[in-house]
Visitor: 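My structure is below; once you've seen it, I'll send some questions.
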Amino acid sequence: MPNAEPQAKTPAQQAALSGAERTTEGLLTAQDALLRALRRPQPGRERDWAALVGQELALVAAALRDHRLEVEGAEGLYAEILRDAPWTQPRLRQLGAQLRRLEAEAADLQVEVRRVEEGDLQALHAIRHDAERLLAGVRDLLSKEADLIYERFEQPPAAD
């Protein structure tokens with residue numbers, strides 16, 4: 001069988017993909033900035049380090065929220081995928097739950113960072129580890145979304 005071409009995207013699908021791409025780019029930018037902040041040295045300047053990490057973490061939290069609102073919206077990516085592929089509902093539910101967990105983790109981490117900013121250095125040792133785990137979760141989520149987008153919009157329709 002010759003290589004079949006993927007079906008053309010509807011305007012609604014293209015809009016959903018564009019919206020998701022925009023918020024994904026925002027999330028990737030915020031993620032990179034947080035990673036740079038985490039790599040900065042902290043000995044002797046723990047509170048300043050925590051303030052910088054806190055600023056970048058706030059941007060990651062906002063980017064996660066923006067992405068969730070975009071992809072889970074009535075006209076968002078998940079709705080567009082579900083319309084044509086109802087069998088993806090469990091995967092989409094899992095992605096939504098993962099997004100909400102990541103938002104909650106970011107909020108919890110912000111509390112820990114604020115404690116260090118205020119001078120309680122007890123939480124300092126866990127911040128890098130927890131932030132790196134958060135960023136790994138973001139990478140995992142975005143990889144799963146990319147796989148689903150490819151499966152639904154880039155592969156030719158199944159012959160069966």
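Side-chain atoms are counted along with the backbone in the values below, which use heavy atoms only and exclude waters and symmetry mates.
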Visitor: Roughly how far, to the nearest 0.5 Å, is the CD atom of E21 from the CG atom of L28?
Guide: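 The distance works out to 10.5 Å.
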Visitor: Evaluate the salt bridge (Lys or Arg N to Asp or Glu O under 4.0 Å) criterion for residues E103 and R65: first the C-alpha distance (whole Å), next the side-chain angles of each, then the deciding distance (0.1 Å), finally the verdict.
Guide: CA-CA 7 Å; E103 282 185 274; R65 182 196 65 240; 5.9 Å; no
Visitor: Please round to the nearest 0.5 Å and tell me the distance separating atom OG of S18 and atom CG of L77.
Guide: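 The distance works out to 10.5 Å.
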Visitor: Give the intermediate values and the outcome of side-chain contact (heavy atoms from CB on, under 4.5 Å) for residues V138 and L142.
Guide: CA-CA 6 Å; V138 170; L142 294 178; 4.0 Å; yes
Visitor: Pairs in or reaching into residues 38-63: which pass salt bridge (Lys or Arg N to Asp or Glu O under 4.0 Å), with residues at least two apart or in two chains?
Guide: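 Output for this query is empty, none listed.
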Visitor: Nearest heavy-atom pair of A85 and R152: which atoms, and what distance?
Guide: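 Here A85 and R152 meet closest at CB-NE, 3.2 Å.
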Visitor: Are L95 and Y150 co-members of a hydrophobic cluster defined by side-chain heavy atoms under 4.5 Å apart?
Guide: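 No, because Y150 and L95 fall into different hydrophobic clusters, even though each may have its own neighbours under 4.5 Å.
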Visitor: Can you name the closest pair of heavy atoms from E112 and A123 and give their distance?
Guide: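 For E112 versus A123, the nearest heavy atoms are OE1-CB, 2.9 Å.
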Visitor: Which pairs count as side chain to side chain donor-acceptor pair (under 3.5 Å) when at least one residue sits in residues 129-141, sequence neighbours excluded?
Guide: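 Residue pairs passing side chain to side chain donor-acceptor pair (under 3.5 Å), neighbours aside: Q98-D140, D130-R133, D140-K144.
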Visitor: Give the intermediate values and the outcome of side-chain contact (heavy atoms from CB on, under 4.5 Å) for residues V71 and L99.
Guide: CA-CA 10 Å; V71 298; L99 259 170; 3.8 Å; yes
Visitor: Please give me the minimum heavy-atom distance between V116 and A50, naming the atom from each residue.
Guide: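 Here V116 and A50 meet closest at CG1-CB, 3.5 Å.
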Visitor: Please report the interatomic distance CD1(I127) to CG(L109), rounded to the nearest 0.5 Å.
Guide: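 One gets 6.5 Å once the value is rounded to the nearest 0.5 Å.
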Visitor: Could you grab the distance from atom CG of L82 to atom CH2 of W87, nearest 0.5 Å is fine?
Guide: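 Result: 10.0 Å between the selected atoms.
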Visitor: Would you compute the distance between atom CD of E70 and atom OG1 of T23 and round it to the nearest 0.5 angstrom?
Guide: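 The distance works out to 5.5 Å.
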Visitor: Just do the side-chain contact (heavy atoms from CB on, under 4.5 Å) check on L38 and L135 with the steps written out, would you?
Guide: CA-CA 11 Å; L38 290 168; L135 294 175; 4.2 Å; yes
Visitor: So which heavy atom on A79 is nearest to which on G73, and how close?
Guide: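 Smallest heavy-atom distance, with atoms named: CB-O, 3.7 Å.
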Visitor: What distance separates T29 OG1 from L59 CG, expressed to the nearest 0.5 Å?
Guide: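 Taking OG1 in T29 and CG in L59, the distance rounds to 10.5 Å.
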Visitor: Considering only residues two or more places apart or on different chains, which pairs with a residue in residues 72-86 satisfy side chain to side chain donor-acceptor pair (under 3.5 Å)?
Guide: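 Qualifying pairs: Q13-D84, E72-R100, Y78-E145, E80-R83.
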Visitor: Is the backbone N or O of E117 less than 3.5 Å from a side-chain atom of W49, with the two atoms forming a donor-acceptor pair by type?
Guide: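 Such a contact is absent between W49 side chain and E117 backbone.
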Visitor: Without swapping roles, check the side chain of R115 against the backbone of L121 for a donor-acceptor pair under 3.5 Å.
Guide: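 No; zero donor-acceptor contacts below 3.5 Å.
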Visitor: Decide yes or no for Q31 and R36: does some side-chain heavy atom of the first lie under 4.5 Å from some side-chain heavy atom of the second?
Guide: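 A side-chain contact under 4.5 Å is absent here.
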Visitor: Does L52 belong to the same Ile/Leu/Val/Met/Phe/Trp/Tyr cluster as L57, with side-chain heavy atoms less than 4.5 Å apart forming each link?
Guide: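 Different hydrophobic clusters.
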Visitor: Do V60 and L102 come close enough that some side-chain heavy atom pair is under 4.5 Å?
Guide: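 They are not in contact (no side-chain heavy atoms under 4.5 Å apart), so the answer is no.
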